Amino acid sequence: MMKWCCLIVFIFCTIGVSKGGTLSRKCLDSNGKCGEKNVSCNETFGPEWTYNGKCCSGRPCCKSPCVPETCPNGFKILSNQTISANCYSTLIGLGSTTWHEAIAICDQTDGAYMWRPNTEQEAKAVLIELNIPVNAANVWTGANDIDKDGNYTFAVENGPFSLNHPPFGQVNYVDPNSPCAARLYAVAGVSWYWEIVPCSLTAEHYICEYKLRVCP
(Lines give C-alpha, C1' and ligand atoms only; values in the text may rest on other atoms or scores of the structure.)
Protein backbone atom coordinates (compact mmCIF):
# COMPACT_ATOMS: atom_id res chain seq x y z
CA MET A 1 0.00 0.00 0.00
CA MET A 2 2.84 2.40 0.86
CA LYS A 3 4.51 1.77 -2.53
CA TRP A 4 1.30 2.61 -4.42
CA CYS A 5 0.88 5.87 -2.46
CA CYS A 6 4.43 6.92 -3.22
CA LEU A 7 3.95 6.10 -6.90
CA ILE A 8 0.73 8.15 -7.11
CA VAL A 9 2.34 11.12 -5.36
CA PHE A 10 5.38 10.91 -7.65
CA ILE A 11 3.23 10.87 -10.81
CA PHE A 12 1.08 13.76 -9.56
CA CYS A 13 4.13 15.88 -8.71
CA THR A 14 5.85 15.08 -12.02
CA ILE A 15 2.79 16.12 -14.03
CA GLY A 16 2.39 19.29 -11.99
CA VAL A 17 6.02 20.34 -12.30
CA SER A 18 6.20 19.51 -15.99
CA LYS A 19 3.05 21.47 -16.80
CA GLY A 20 3.96 24.45 -14.64
CA GLY A 21 7.57 24.57 -15.84
CA THR A 22 6.71 24.37 -19.53
CA LEU A 23 4.02 27.02 -19.33
CA SER A 24 6.22 29.28 -17.23
CA ARG A 25 8.87 29.10 -19.95
CA LYS A 26 6.40 30.62 -22.41
CA CYS A 27 6.14 33.65 -20.18
CA LEU A 28 9.91 33.80 -19.86
CA ASP A 29 10.38 33.60 -23.65
CA SER A 30 7.98 36.50 -24.15
CA ASN A 31 9.72 38.63 -21.52
CA GLY A 32 6.77 38.15 -19.22
CA LYS A 33 5.91 37.18 -15.65
CA CYS A 34 3.14 35.01 -14.26
CA GLY A 35 0.34 37.08 -12.77
CA GLU A 36 -2.24 36.26 -10.13
CA LYS A 37 -5.18 34.08 -11.12
CA ASN A 38 -8.28 36.14 -11.94
CA VAL A 39 -6.34 39.35 -11.28
CA SER A 40 -5.39 41.73 -14.11
CA CYS A 41 -1.77 42.41 -15.03
CA ASN A 42 -2.30 46.06 -14.17
CA GLU A 43 -3.39 45.20 -10.65
CA THR A 44 -0.46 42.85 -10.12
CA PHE A 45 2.43 44.71 -11.75
CA GLY A 46 1.15 48.19 -12.60
CA PRO A 47 -0.22 49.93 -15.70
CA GLU A 48 2.84 49.27 -17.90
CA TRP A 49 2.16 45.54 -18.07
CA THR A 50 -0.04 43.99 -20.77
CA TYR A 51 -1.95 40.71 -20.93
CA ASN A 52 -0.33 38.01 -23.08
CA GLY A 53 -2.28 34.76 -22.73
CA LYS A 54 -2.28 32.13 -20.01
CA CYS A 55 0.55 30.38 -18.24
CA CYS A 56 1.29 28.60 -14.96
CA SER A 57 -1.91 26.61 -14.60
CA GLY A 58 -4.25 29.28 -15.91
CA ARG A 59 -2.62 32.35 -14.44
CA PRO A 60 -2.07 35.19 -16.93
CA CYS A 61 1.27 35.89 -18.56
CA CYS A 62 1.90 39.57 -18.02
CA LYS A 63 4.29 40.95 -20.62
CA SER A 64 6.26 44.13 -20.06
CA PRO A 65 6.22 46.36 -23.15
CA CYS A 66 9.59 47.00 -24.77
CA VAL A 67 10.43 50.67 -24.42
CA PRO A 68 12.71 51.89 -27.24
CA GLU A 69 15.99 53.36 -26.02
CA THR A 70 17.55 56.60 -27.11
CA CYS A 71 21.26 57.31 -27.44
CA PRO A 72 23.07 58.52 -24.30
CA ASN A 73 24.16 62.14 -24.12
CA GLY A 74 27.04 62.80 -26.48
CA PHE A 75 26.10 59.89 -28.78
CA LYS A 76 24.18 59.79 -32.05
CA ILE A 77 22.83 57.23 -34.48
CA LEU A 78 23.87 57.01 -38.11
CA SER A 79 21.76 58.70 -40.77
CA ASN A 80 21.50 55.31 -42.47
CA GLN A 81 20.55 52.86 -39.72
CA THR A 82 20.55 49.90 -42.09
CA ILE A 83 24.37 50.06 -41.86
CA SER A 84 24.29 50.02 -38.06
CA ALA A 85 21.61 50.75 -35.47
CA ASN A 86 24.14 51.51 -32.72
CA CYS A 87 25.03 54.88 -31.22
CA TYR A 88 28.45 56.49 -31.67
CA SER A 89 30.05 59.18 -29.59
CA THR A 90 30.16 62.66 -31.04
CA LEU A 91 32.72 63.59 -28.37
CA ILE A 92 35.53 62.21 -30.49
CA GLY A 93 39.12 62.52 -29.48
CA LEU A 94 40.72 65.85 -30.19
CA GLY A 95 44.46 65.71 -30.54
CA SER A 96 46.57 62.75 -29.51
CA THR A 97 45.10 60.22 -27.08
CA THR A 98 46.54 56.99 -25.71
CA TRP A 99 44.44 53.82 -25.81
CA HIS A 100 44.05 53.74 -22.02
CA GLU A 101 42.95 57.40 -21.93
CA ALA A 102 40.41 56.77 -24.67
CA ILE A 103 38.89 53.66 -23.12
CA ALA A 104 38.63 55.39 -19.74
CA ILE A 105 36.49 58.08 -21.39
CA CYS A 106 34.25 55.48 -23.07
CA ASP A 107 33.82 53.70 -19.72
CA GLN A 108 32.29 56.86 -18.23
CA THR A 109 29.08 56.10 -20.17
CA ASP A 110 27.27 53.05 -18.79
CA GLY A 111 27.03 50.36 -21.47
CA ALA A 112 29.46 52.07 -23.87
CA TYR A 113 32.65 50.51 -25.18
CA MET A 114 35.49 51.39 -27.51
CA TRP A 115 34.46 51.18 -31.15
CA ARG A 116 34.17 47.78 -32.84
CA PRO A 117 34.03 48.43 -36.61
CA ASN A 118 32.46 45.36 -38.21
CA THR A 119 32.40 46.31 -41.89
CA GLU A 120 34.08 48.76 -44.23
CA GLN A 121 30.66 50.27 -44.91
CA GLU A 122 30.11 50.90 -41.20
CA ALA A 123 33.60 52.34 -40.70
CA LYS A 124 33.20 54.83 -43.55
CA ALA A 125 29.70 55.85 -42.44
CA VAL A 126 30.79 56.41 -38.82
CA LEU A 127 33.80 58.54 -39.80
CA ILE A 128 31.65 60.67 -42.13
CA GLU A 129 28.88 61.01 -39.54
CA LEU A 130 31.36 62.17 -36.89
CA ASN A 131 33.19 64.50 -39.28
CA ILE A 132 36.43 62.54 -39.16
CA PRO A 133 38.23 62.89 -42.50
CA VAL A 134 38.22 59.58 -44.35
CA ASN A 135 41.09 60.61 -46.62
CA ALA A 136 43.71 60.15 -43.88
CA ALA A 137 42.59 59.32 -40.34
CA ASN A 138 43.83 57.06 -37.56
CA VAL A 139 41.38 55.95 -34.89
CA TRP A 140 41.70 53.79 -31.80
CA THR A 141 39.44 50.74 -31.74
CA GLY A 142 38.62 48.44 -28.85
CA ALA A 143 40.71 45.57 -30.24
CA ASN A 144 43.49 44.78 -27.78
CA ASP A 145 45.66 42.19 -26.09
CA ILE A 146 46.47 44.03 -22.88
CA ASP A 147 46.90 40.75 -20.98
CA LYS A 148 49.55 39.63 -23.51
CA ASP A 149 48.16 36.14 -24.09
CA GLY A 150 48.24 36.44 -27.87
CA ASN A 151 44.44 36.59 -28.22
CA TYR A 152 42.95 39.89 -29.36
CA THR A 153 39.43 40.87 -28.35
CA PHE A 154 37.36 44.04 -28.38
CA ALA A 155 37.26 45.63 -24.92
CA VAL A 156 33.98 45.24 -22.99
CA GLU A 157 32.12 44.07 -26.10
CA ASN A 158 34.39 40.97 -26.04
CA GLY A 159 34.15 40.06 -29.74
CA PRO A 160 37.25 38.38 -31.18
CA PHE A 161 39.76 40.14 -33.43
CA SER A 162 41.99 38.11 -35.74
CA LEU A 163 45.30 39.46 -36.96
CA ASN A 164 45.13 37.13 -39.94
CA HIS A 165 41.50 37.83 -40.79
CA PRO A 166 40.46 41.31 -39.61
CA PRO A 167 36.84 42.38 -40.20
CA PHE A 168 37.96 44.23 -43.35
CA GLY A 169 41.15 45.73 -44.75
CA GLN A 170 44.43 44.25 -43.60
CA VAL A 171 46.82 44.28 -40.67
CA ASN A 172 49.93 45.94 -42.08
CA TYR A 173 52.01 46.34 -38.93
CA VAL A 174 52.45 44.57 -35.61
CA ASP A 175 54.88 46.09 -33.13
CA PRO A 176 57.43 43.35 -32.37
CA ASN A 177 58.23 44.57 -28.86
CA SER A 178 55.03 45.72 -27.18
CA PRO A 179 51.90 44.95 -29.22
CA CYS A 180 48.81 46.06 -27.29
CA ALA A 181 45.92 47.61 -29.21
CA ALA A 182 44.69 48.23 -32.75
CA ARG A 183 44.57 51.58 -34.54
CA LEU A 184 42.52 51.73 -37.73
CA TYR A 185 43.82 53.83 -40.60
CA ALA A 186 41.59 55.14 -43.38
CA VAL A 187 43.34 56.11 -46.60
CA ALA A 188 41.26 58.03 -49.13
CA GLY A 189 38.17 56.27 -47.80
CA VAL A 190 38.93 53.18 -49.89
CA SER A 191 41.89 51.51 -48.18
CA TRP A 192 41.84 50.35 -44.56
CA TYR A 193 44.82 49.29 -42.47
CA TRP A 194 45.11 48.01 -38.91
CA GLU A 195 48.25 48.60 -36.89
CA ILE A 196 48.95 46.79 -33.61
CA VAL A 197 50.96 49.18 -31.49
CA PRO A 198 51.75 49.88 -27.81
CA CYS A 199 48.81 51.26 -25.82
CA SER A 200 51.07 54.10 -24.73
CA LEU A 201 51.21 55.46 -28.28
CA THR A 202 48.57 57.91 -29.44
CA ALA A 203 45.93 58.19 -32.14
CA GLU A 204 44.26 61.32 -33.48
CA HIS A 205 40.78 60.02 -32.72
CA TYR A 206 38.84 57.49 -30.70
CA ILE A 207 35.18 56.51 -30.96
CA CYS A 208 32.91 55.14 -28.26
CA GLU A 209 30.02 52.87 -29.26
CA TYR A 210 26.74 52.07 -27.51
CA LYS A 211 24.46 49.20 -28.53
CA LEU A 212 20.78 50.11 -28.38
CA ARG A 213 18.29 47.56 -27.14
CA VAL A 214 16.15 46.60 -30.12
CA CYS A 215 12.46 45.93 -29.58
CA PRO A 216 11.08 42.82 -31.37
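Bear in mind the structure is a predicted one, so any value in this text is a computation, not a measurement.
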From [atom1] ([X]) to [atom2] ([Y]), nearest 0.5 Å:
X      : Y      : atom1 : atom2 : answer
Asn151 : Ser162 : CG    : OG    : 10.0 Å
Trp194 : Tyr152 : CH2   : OH    : 13.0 Å
Lys211 : Glu157 : NZ    : CD    : 7.0 Å
Trp115 : Cys208 : CH2   : SG    : 12.0 Å
His205 : Ser96  : NE2   : OG    : 9.5 Å
Lys63  : Phe45  : NZ    : CZ    : 14.5 Å

For [X] against [Y], the heavy-atom pair lying closest together:
X      : Y      : value
Met114 : Ile103 : CE-N, 3.5 Å
Phe154 : Pro117 : CE2-CD, 4.1 Å
Phe168 : Ala123 : CZ-CB, 3.6 Å
Ala137 : Ile132 : CB-CG2, 3.7 Å
Pro167 : Phe161 : CD-CE1, 3.7 Å
Tyr206 : Cys106 : CD1-SG, 4.5 Å

Please answer: with hydrophobic residues joined when any side-chain heavy atoms are less than 4.5 Å apart, are [X] and [Y] in the same cluster?
X      : Y      : result
Val187 : Val134 : no
Leu78  : Ile207 : yes
Ile105 : Ile146 : yes
Val139 : Val174 : yes
Tyr185 : Leu201 : no

Does the side chain of [X] reach to within under 4.5 Å of the side chain of [Y], using non-hydrogen atoms?
X      : Y      : result
Thr44  : Trp49  : no
Lys148 : Cys180 : yes
Lys76  : Leu130 : yes
Cys71  : Tyr210 : no
Lys124 : Trp192 : yes
Cys41  : Thr50  : no
Cys61  : Asn52  : yes

Has [X] got a side-chain atom pairing as donor or acceptor with [Y]'s backbone, closer than 3.5 angstrom?
X      : Y      : answer
Asn158 : Val156 : yes
Glu120 : Gly169 : no
Asn144 : Thr153 : yes
Arg183 : Thr202 : yes

Do the side-chain N and O atoms of Glu122 and Thr119 include a donor-acceptor pair separated by under 3.5 angstrom?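 Per modelled atom types, Glu122 and Thr119 side chains form no pair under 3.5 Å.
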Using a cut-off of 6.0 Å, state whether more than 12 heavy atoms not belonging to Gln81 lie near its atom CD.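 Correct, the count exceeds 12.
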Evaluate whether atom CG of Asp110 has more than 12 neighbouring non-hydrogen atoms of other residues, nucleotides or ligands under 6.0 angstrom away. no
Candidate pair Trp140 and Glu101, rule side chain to side chain donor-acceptor pair (under 3.5 Å), full reasoning: CA-CA 11 Å; Trp140 280 125; Glu101 289 170 341; over 6 Å; no
Just one of Thr141, Asn86, Thr109 clears the side-chain hydrogen bond (donor to acceptor under 3.5 Å, both in side chains) bar with Glu209, so which one? Asn86
Tell me which one of Asn172, Asp175, Asp145, Val171 satisfies side chain to side chain contact (heavy atoms under 4.5 Å, CB included) with Ile196.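 In the set Asn172, Asp175, Asp145, Val171, the residue that makes a side chain to side chain contact (heavy atoms under 4.5 Å, CB included) with Ile196 is Val171.
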